[in-house]
Amino acid sequence: MSTSAPQTRSVIVEREIAHPPEKLWRALTQPHLIAEWLMRNDFVPSLGHRFKLHGDWGGVLDCEVLAIELNRTLSYSWDLAHEEAAFSLKSVVTFTLSPPPKGTLLRMEQVGFRPDQKLAYGGARSGWPRFFDKLEELLAKAE
């Protein structure tokens, strides 16, 4: 008898950003900048730091910094407690920055969507590109 864990799905978004990794890193790790493109927060770029992201829809995500490598990698848990299992999410978001010939290749992967979380998965698939649009607008303003 096999008791395998249910398969989870991931959302991956990659985008070349016309700014150096250091500038993009600031937007990923400074709370006032994160608030402009993602959500209000009490983020601190420190391994193990627990913080909250406050969504415009009223939801609050419980997060913890899981990995941090200056100008290269940032990973944190992205958990939403909800009384309905289909909306209760335990996931991990990882940002990876790598330098193409110009600017920065930003890769975001959010892992942990269960098969019964179609709404959350669909929301992430449509939401992350919009977050990235706002991130690029923020970076352009900071020129």
Verify side chain to side chain contact (heavy atoms under 4.5 Å, CB included) between Ile68 and Tyr76, making sure each step is shown before the conclusion. CA-CA 9 Å; Ile68 188 163; Tyr76 46 82; over 6 Å; no
Taking all non-hydrogen atoms of both residues, which atom of Gln110 and which atom of Ala124 are closest, and how far apart? OE1-CB, 3.7 Å
Is there a side-chain contact between Arg15 and Pro129 in this structure, where contact means two heavy atoms from C-beta onward sitting under 4.5 Å apart? yes
Can you say whether the rings of Phe132 and Trp128 are parallel (under 30°), tilted (30 to 60°) or perpendicular (over 60°)? perpendicular
Is there a side chain to side chain contact (heavy atoms under 4.5 Å, CB included) between Asp62 and Lys52? Walk through the geometry before answering. CA-CA 5 Å; Asp62 293 308; Lys52 296 193 181 297; 2.4 Å; yes
Is it the case that the side chain of Thr73 and the backbone of Thr96 share a donor-acceptor pair, with hydrogens and angles ignored and the cut-off at 3.5 Å? no
Take Glu36 and Gln30 through the test side chain to side chain contact (heavy atoms under 4.5 Å, CB included) and record every step on the way to the result. CA-CA 10 Å; Glu36 287 195 44; Gln30 293 186 1; over 6 Å; no
When you look at CZ of Arg125, are more than 12 heavy atoms from neighbouring residues, nucleotides or ligands closer to it than 6.0 Å? no
Starting from Met108, can I reach Leu105 by hopping between I/L/V/M/F/W/Y residues whose side chains sit under 4.5 Å apart? no
Donor-acceptor contact below 3.5 Å, side chain His54 vs main chain Asp42: no
Can you name the closest pair of heavy atoms from Glu16 and Glu136 and give their distance? O-OE2, 4.1 Å
Which value, rounded to the nearest 0.5 Å, describes the distance between His19 atom NE2 and Leu97 atom CG? 12.5 Å
Are Tyr121 and Val111 joined in one hydrophobic group, where the rule is that I, L, V, M, F, W and Y side chains link up if heavy atoms are under 4.5 Å apart? no
Could you see if Leu106 belongs to whatever hydrophobic cluster contains Leu70? Use Ile, Leu, Val, Met, Phe, Trp, Tyr and a side-chain cutoff under 4.5 Å. yes
Can you name the nearest heavy-atom pair linking Phe43 to Leu28, along with the distance? CE2-O, 4.3 Å
Roughly how far, to the nearest 0.5 Å, is CZ of Arg72 from CH2 of Trp25? 10.5 Å
Can you say whether the rings of Phe95 and Trp37 are parallel (under 30°), tilted (30 to 60°) or perpendicular (over 60°)? perpendicular
For Ser75 and Leu66, indicate whether the former's side chain and the latter's backbone hold a donor-acceptor pair under 3.5 Å. no
So how far is it from Lys90 NZ to Leu80 CG, rounded to the nearest 0.5 Å? 10.0 Å
Which other residues belong to the hydrophobic cluster containing Ile12, where Ile, Leu, Val, Met, Phe, Trp and Tyr are joined when side-chain heavy atoms lie under 4.5 Å apart, directly or via other members? none
Is any side-chain heavy atom of Trp78 closer than 4.5 Å to one of Leu53? yes
To check you understand the geometry: which heavy-atom pair defines the closest contact between Pro21 and Gly103, and what is its length? CD-O, 4.2 Å
Shared hydrophobic cluster, Val92 / Met39 (ILVMFWY, side-chain heavy atoms < 4.5 Å): no
For Glu84 and His82, work out which heavy atoms get closest and say how close. N-ND1, 3.0 Å
Is there a donor-acceptor contact under 3.5 Å from the side chain of Asp79 to the main chain of Cys63? no
Within this structure, what is the CG-NZ distance for the pair Leu38 and Lys134, rounded to the nearest 0.5 Å? 8.0 Å
Distance col, row Lys23:NZ vs Ile17:CD1, nearest 0.5 angstrom, shows 11.0 Å
For the hydrophobic clusters of this structure (ILVMFWY residues joined by side-chain heavy atoms under 4.5 Å, transitively), does one cluster hold both Leu47 and Val44? no
Run the numbers on Leu24 and Leu135 for side chain to side chain contact (heavy atoms under 4.5 Å, CB included), then give the verdict. CA-CA 9 Å; Leu24 188 51; Leu135 175 60; 3.7 Å; yes
Mind listing the closest non-hydrogen atom pair of Leu139 and Ala27 along with its distance? CD2-CB, 4.1 Å
